[in-house]
Amino acid sequence: MIDFGYTLTRDRQFDYDRGDLRYYRLVRSLEPSIDLCIGCGSCSATCSAAQFTNLNIRKLHTVIRRGDTTSIKAGLRKCMFCGKCQLVCPRGVNLRNLILALNRAIEQLG
Amino acid sequence: MEHSVIVIGGGVSGMTAAGMLAQQGFNVTLLEKEAETGGHAARWDRLFPDRKKASEVLDFIRKGMSRVKVITGITVVNITRNDKEFTVVTRGQVADGGSQMADIPHPASCIPHPASCIPHPASCILLATGYELFEARKKEEYGYGIYNNVITSAELEDKFRSGSPILTSEGKPPARIGIVHCVGSRDEKVGNLYCSKVCCVTGVKQAIELKEMYPASEVFNFYMDLRMFDRHFEELYYEAQQKWGVSFIRGRLSECAENPDGSIIVKTEDTLTGKPLKMTVDLLVLLTGFVPGRGMASISAMLGLTTGADGFTNSADSHTLNNSTEIPGIFLAGAVKGPVSISESIADARAAAIQIEVYLNSDKPGND
Ligand code: SF4
Ligand code: SF4
Ligand code: SF4
């Protein structure tokens, strides 16, 4: 093929129809409070790991709910499992168990 | 002679105030442009947050209206003022009083076939002219009126009320449904900067009702903010998430497109993940907001009332004289002043009725 010097940029738009909801469904069965998030950002603001890394726990469980699984593993590696996020959640999302469930999902689904 | 009060507008506010004033012994005439009283509430099936039947609320209000003279199917063509007295001139409009809402009983004193152009004397006028729903076609990028599977929240209520199954235009049960908040509200592009206040909770209520009907379906609400301002509203939102698994995506829809099979592709930014998102839905419900009532501009002109930049009518003071206007004897109730819920309309109408009673009784000997 002739190289014209162009590259194709991947579409950043997330296509929900092609999302992978297996992680979400499994996590939800283990920790139903994942559905109660209102996106307030308290968890990500208080997160110990967020002070030193780019972990955003609020965003992490939001993308799972959308079926976007690309950033789960890298994100989870940064979590210290301290549980501070759970202490501040105004909706009672059991974040600590949610993170455990997510680890379980990664074990099962790869 | 007992004072005459004219109430213009036969929705929840007008009916409530008319009933109260008639019970206090005033000679009350209620004027309604449609063939039936009941206003927008007559179109609604169940009300937030407790899912009470709208028809039960209307029945309750109608019970108090036995002494009200109700004239439907007429428009106000002129209002004149002579010192403390007014004359409201109406013209008959609807030739046939027959209606789609025959199941709703109306007071025996209802006159469906008025003669043309009648003057009605009044010591006092209550404007309860209400609002209209935003015309969803104006938001062309959402495809209402172009794509068959884009409907309004009011049309969804029509279906709930009639008990007809909610199907796509292809006759299939919808597997995925989108509900769009702020259609025609909080949007300078359509000239409406204000929030319509009740559509957020309506969207949550309708999401729950759709999930009840189709538990296996996915329901998504696309919102900018969720304004759960009143008692039990936040709890309803919580219930929608916890019990029904309704998903809330923060982002205003930018546009819709139609697939060959009739389903709708919606585009938004999922602002909580910071990415543009698209998805296919089988049915899209637009939560259309409030706009000022059509007839109110001419009535304001007849009386010299002022409106705000939002087009709704100004009261004399929004804190302390919210049922009064600058003109003695002219009062306001309900959505003529901007978006309100039904419970607020009832409370506001009762407040207006008391204001009117105080105003009229201040003329009586022995009162200052
Ligand atoms: S448990 Fe993990 S995500 Fe939660 S605050 Fe601690 S480090 Fe952050
Ligand atoms: S603190 Fe709770 S509600 Fe707020 S973003 Fe985190 S999980 Fe969601
Ligand atoms: S109540 Fe909600 S949906 Fe309605 S205009 Fe306000 S923010 Fe938008």
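Order of the sequence lines sets the chain letters (A, B, ...), proteins ahead of strands, with each chain counted from 1.
Heavy-atom distances place no part of A:R18 under 4.5 Å from chain B, backbone and side chain included. With a threshold of 4.5 angstrom between heavy atoms, B:Y238 approaches chain A through its backbone and through its side chain. Contacts between B:E218 and chain A at a heavy-atom distance below 4.5 Å involve the side chain alone, from C-beta outward. For B:I249, the parts sitting under 4.5 Å from any heavy atom of chain A are the backbone and the side chain alike.
Residues B:Y131 and B:H40 place their aromatic rings such that the two centres sit under 6.0 Å apart.
For the 3.5 Å distance criterion, the side chains of A:R91 and B:Q241 qualify, holding a donor opposite an acceptor. In this model, no donor atom of one side chain and acceptor atom of the other lie less than 3.5 Å apart for B:S345 and B:D348. A donor-acceptor pair shorter than 3.5 Å cannot be found between the side chains of A:S33 and A:N94.
Applying a 4.5 Å heavy-atom cutoff, the residues of residues 37-66 of chain A that approach chain B are A:C37, A:I38, A:G39, A:R58, A:K59, A:T62, A:V63, A:R66.
The candidate with the highest count of non-hydrogen atom pairs below 4.5 Å against chain B, out of A:D35, A:I34, A:D68, A:L36, is A:L36.
Checked for salt-bridge contact, B:R43 and B:E155 miss the test: no charged N lies under 4.0 Å from a carboxylate O. Between B:K275 and A:D15 there is no salt bridge, since no side-chain nitrogen of the basic residue lies less than 4.0 Å from a carboxylate oxygen of the acidic one.
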